[in-house]
Amino acid sequence: MENGHAGKHRVAVIGSGNWGSVASRLLASNTAKLPSFHDEVRMWVFEETLPTGEKLSESINQAHENCKYLPGIKLGTNVIADPDLESAVKDADMLVFVTPHQFVEGICKKLVGKLRPGVEAISLIKGMEVKMEGPCMISKLITDTLGINCCVLMGANIANEIAVEKFSEATIGYREDKEAANRWAKLFTTPYFLVAIVEDIEGVELCGTLKNVVAIAAGLVDGLDMGNNTKAAIMRIGLREMRAFSKLLFPSVRDNTFFESCVGGRNRRVAEAFARNGGKRSFDELEAEMLHGQKLQGVSTAREVYEVLTYHGWQELFPLLSTVHEICIGQLPPTSIVEYSEHTPNLSFVGGSTPCY
């Protein structure tokens with residue numbers, strides 16, 4: 001579907017935190033060059049008042065920099081911060097969702113009936129909404145609420161590294177509409193940011209989401225100074241549990257979507273500090289101190305995964321994913337991250353194409 005209005009696509013980014021600002025900068029560098037896109041990238045900003053008394057959106061538009069969530073990095077003069085959600089999206093036919101996942105539902109409800117016809121969306125958001133009937137992936141929440149096609153983009157992306165143009169890779173997951181996925185890939189690809197597309201939206205989204213939980217496990221091992229072999233073992237078990245969990249929920253998920261990729265970033269870093277403190281300081285306290293207003297997604301995702309495991313009675317099948325949550329809430333000490341692995345269950349039953357519930 002090429003849109004009719006002058007044939008040029010307009011991009012809006014919903015979210016302006018650390019990753020939202022980095023994504024806006026990357027996209028704006030491309031829209032300025034690509035003839036099929038309007039130069040301007042509108043970025044919706046959840047308005048805040050800075051310590052100086054200035055409004056965050058005004059500060060971004062004057063300095064072309066997000067001094068709170070991405071200090072020291074110019075976003076480009078064609079990134080326009082807009083604190084009004086409706087105004088930010090009204091002309092766009094390509095929407096990029098990149099807010100903390102707990103805000104998506106509320107944002108989508110505000111956008112019902114406010115979008116152009118034929119809008120396409122992509123979600124860069126890791127996390128899921130757990131409902132009684134099971135987990136709802138963020139892309140599905142966007143599609144169901146707004147009635148629009150939504151791809152996902154996930155990777156081992158450490159926003160601050162992409163901001164300074166260190167080489168990084170990501171995968172776009174799509175359902176059926178390959179043309180839309182290719183259009184998104186074109187919009188996101190730069191010499192330092194390589195994008196592949198895969199027709200496995202749940203696999204890509206769950207891989208990106210669950211990796212944050214495994215990153216917490218890796219950080220705990222680092223904080224306990226247990227060395228690289230232990231960390232490698234934990235990562236292997238984590239990858240196996242991620243794949244098995246995903247296939248139980250969505251039998252269509254493909255094995256090769258789950259690639260070994262580095263887990264770094266804020267989840268690993270805060271978990272390391274948590275373990276070094278022997279679990280005496282909560283994740284909330286460390287998040288506030290170390291991340292200055294950014295959110296730690298791994299802890300809330302671990303809780304959501306645990307809710308799904310409990311609902312289905314699957315905790316014993318997934319000792320690593322279960323243990324991370326129990327450590328996060330202080331039920332188990334950080335050292336238990338390695339103790340459970342002696343009785344790792346046999347997950348071979350998930351190897352076939354049909355999971356047995």
Are the charged groups of Lys247 and Asp255 less than 4.0 angstrom apart, N to O? yes

Side-chain donor/acceptor of Asn277 to backbone N/O of Gly279, under 3.5 Å: no

Looking at side-chain heavy atoms only, is the closest gap between Ile60 and Leu56 below 4.5 Å? yes

Side-chain heavy atoms of Met43 within contact of Ile80, under 4.5 Å: no

Flag the pair Met242 / Leu206 as yes when at least one side-chain heavy-atom distance between them is below 4.5 Å, and no otherwise. no

I'd like to know if the side chain of Ser57 pairs up with that of Glu47 as donor and acceptor (distance under 3.5 Å, no hydrogens or angles considered). yes

Check against side chain to side chain contact (heavy atoms under 4.5 Å, CB included), Asn66 and Val45: CA-CA 10 Å; Asn66 187 332; Val45 174; over 6 Å; no

Hey, what do you get for OG1 (Thr209) to CD1 (Ile138), rounding to the nearest 0.5 Å? 7.5 Å

For atom CD of Gln62, decide whether the heavy atoms of other residues, nucleotides or ligands shown that lie under 6.0 angstrom number more than 12. yes

Could you check if a side-chain atom of Ile327 sits within less than 4.5 angstrom of a side-chain atom of Phe274, using non-hydrogen atoms only? yes

Please determine, by modelled atom types, if His101 and Gln297 share a side-chain donor-acceptor pair under 3.5 angstrom. yes

Less than 4.5 Å apart, any side-chain heavy atom of Phe97 and any of Ser139? no

So, Asp222 and Arg276, do they make that salt bridge, N to O below 4.0 Å? no

Ile148 to Thr143 - nearest heavy-atom pair and separation: O-OG1, 3.0 Å

Neighbour count >12 (heavy atoms, 6.0 Å) for atom CG, Asn229: no

Is Met137 reachable from Val130 through a run of hydrophobic residues whose side-chain heavy atoms are each under 4.5 Å from the next? yes

Residues in salt bridge (Lys or Arg N to Asp or Glu O under 4.0 Å) with Asp144, at least two apart? Lys140

Is there a continuous path of hydrophobic side-chain contacts, each under 4.5 Å between heavy atoms, that joins Val270 to Met226? yes

Are Phe245 and Leu309 close enough that some pair of their side-chain heavy atoms sits under 4.5 Å apart? yes

Taking every heavy atom of Phe318 against every heavy atom of Ala244, the minimum-distance pair comes out as CE2-CB, 3.7 Å

Checking side-chain polar atoms at under 3.5 Å, does Glu120 have a donor or acceptor matched by the opposite partner on His9? no

Contacts of Lys33 meeting salt bridge (Lys or Arg N to Asp or Glu O under 4.0 Å) (sequence neighbours excluded), chain-then-number -> none

So, taking the atom named CG in Leu153 and the one named CD1 in Ile122, what distance separates them when rounded to the nearest 0.5 Å? 5.0 Å

Closer than 3.5 angstrom, by distance alone: can the side chain of Thr171 be matched with the main-chain N or O of Ile197 as a donor-acceptor pair? no

Should the pair Trp44 and Phe46 be assigned to parallel (<30°), tilted (30 to 60°) or perpendicular (>60°) ring geometry? perpendicular

Can you list the steps and then say if Ser87 with Asp82 is a side chain to side chain donor-acceptor pair (under 3.5 Å)? CA-CA 7 Å; Ser87 148; Asp82 189 338; 2.4 Å; yes

Quick one, Ile172 with Val204, criterion side chain to side chain contact (heavy atoms under 4.5 Å, CB included). Give me CA distance, side-chain angles, the key distance, then yes/no. CA-CA 7 Å; Ile172 287 175; Val204 172; over 6 Å; no

Hey, are Arg268 and Glu272 close enough for a salt bridge, meaning a charged N less than 4.0 Å from a carboxylate O? yes

Can you tell me if Glu202 uses its side chain to pair, donor with acceptor, with the backbone of Phe250 under 3.5 Å? no

Would you say NZ of Lys74 has more than 12 non-hydrogen atoms from neighbouring residues, nucleotides or ligands within 6.0 angstrom? yes

Mutual orientation of the aromatic rings belonging to Phe193 and Phe188 [parallel < 30°, tilted 30-60°, perpendicular > 60°]: tilted

For Gly127 and Thr301, which heavy atoms make the closest approach, and how far apart are they? CA-OG1, 4.0 Å

Connected via hydrophobic side-chain network under 4.5 Å: Leu320 and Val308: yes

Do Trp184 and Val96 have side chains that approach each other closer than 4.5 Å (heavy atoms only, starting at C-beta)? yes

Ignoring hydrogens and angles, state whether a donor on the side chain of Glu40 or Asn78 is under 3.5 Å from an acceptor on the partner side chain. no

Under a 4.0 Å threshold between the charged nitrogen and the carboxylate oxygen, would Arg10 count as salt-bridged to Asp93? no

Under a 3.5 Å distance rule, please check whether Ser24 uses its side chain to pair with a backbone N or O of Gly20 as donor and acceptor. yes

Rounded distance [0.5 Å steps], CD1 in Ile162 versus CD in Glu169: 11.0 Å

Please determine which of Val305, Val299, Ile216, Leu332 meets the side chain to side chain contact (heavy atoms under 4.5 Å, CB included) test together with Val324. Ile216

Report yes if some heavy atom in the side chain of Lys114 is under 4.5 Å from a heavy atom in the side chain of Lys90; otherwise report no. no

Less than 3.5 Å apart, any donor N or O on the side chain of Thr257 or Asp200 sitting next to an acceptor on the other? yes

For residues Ala121 and Ile142, report the shortest heavy-atom separation together with the two atoms involved. CB-CG2, 4.3 Å

Considering all heavy atoms of both residues, which atom of Leu34 and which atom of Lys186 are nearest to each other, and what is their separation? CD1-O, 3.9 Å

Can you confirm whether the side chains of Tyr69 and Glu48 place a donor and an acceptor under 3.5 Å from each other? yes

For residues Val213 and Tyr306: do they belong to one hydrophobic cluster (side chain heavy atoms under 4.5 Å, members Ile, Leu, Val, Met, Phe, Trp, Tyr)? no

With rounding to the nearest 0.5 angstrom, report the CG to CG distance, Leu187 to Asn30. 6.5 Å

Is it true that Phe167 and Met154 fall in one hydrophobic cluster, defined by side-chain heavy atoms closer than 4.5 Å? no

According to salt bridge (charged side-chain N to carboxylate O under 4.0 Å, His left out), does anything in residues 283-297 pair up with another residue at least two apart or in another chain? List the pairs. Arg281-Glu285, Arg281-Glu289, Glu287-Lys295

Rounded to the nearest 0.5 Å, what separates atom CD in Glu241 from atom CG in Leu317? 9.0 Å

Determine, step by step, whether Leu194 and Ser168 satisfy the side chain to side chain contact (heavy atoms under 4.5 Å, CB included) criterion, reporting the C-alpha distance in whole Å, the side-chain angles of both residues, the deciding distance to 0.1 Å, and the verdict. CA-CA 6 Å; Leu194 277 202; Ser168 219; over 6 Å; no

What verdict does the side chain to side chain contact (heavy atoms under 4.5 Å, CB included) test give for Ser336 and Glu339, after you've listed the backbone C-alpha separation in whole Å, the side-chain angles of each residue and the deciding distance to 0.1 Å? CA-CA 5 Å; Ser336 52; Glu339 286 156 15; 3.8 Å; yes

Could you give the distance from OG1 (Thr189) to OH (Tyr192), rounded to the nearest 0.5 Å? 11.0 Å

I need the single residue from Glu165, His64, Glu65 that forms a side-chain hydrogen bond (donor to acceptor under 3.5 Å, both in side chains) with Arg25. Which is it? Glu165

Looking only at heavy atoms, the pair that brings Ala12 and Ala92 closest together is CB-CB, 3.6 Å

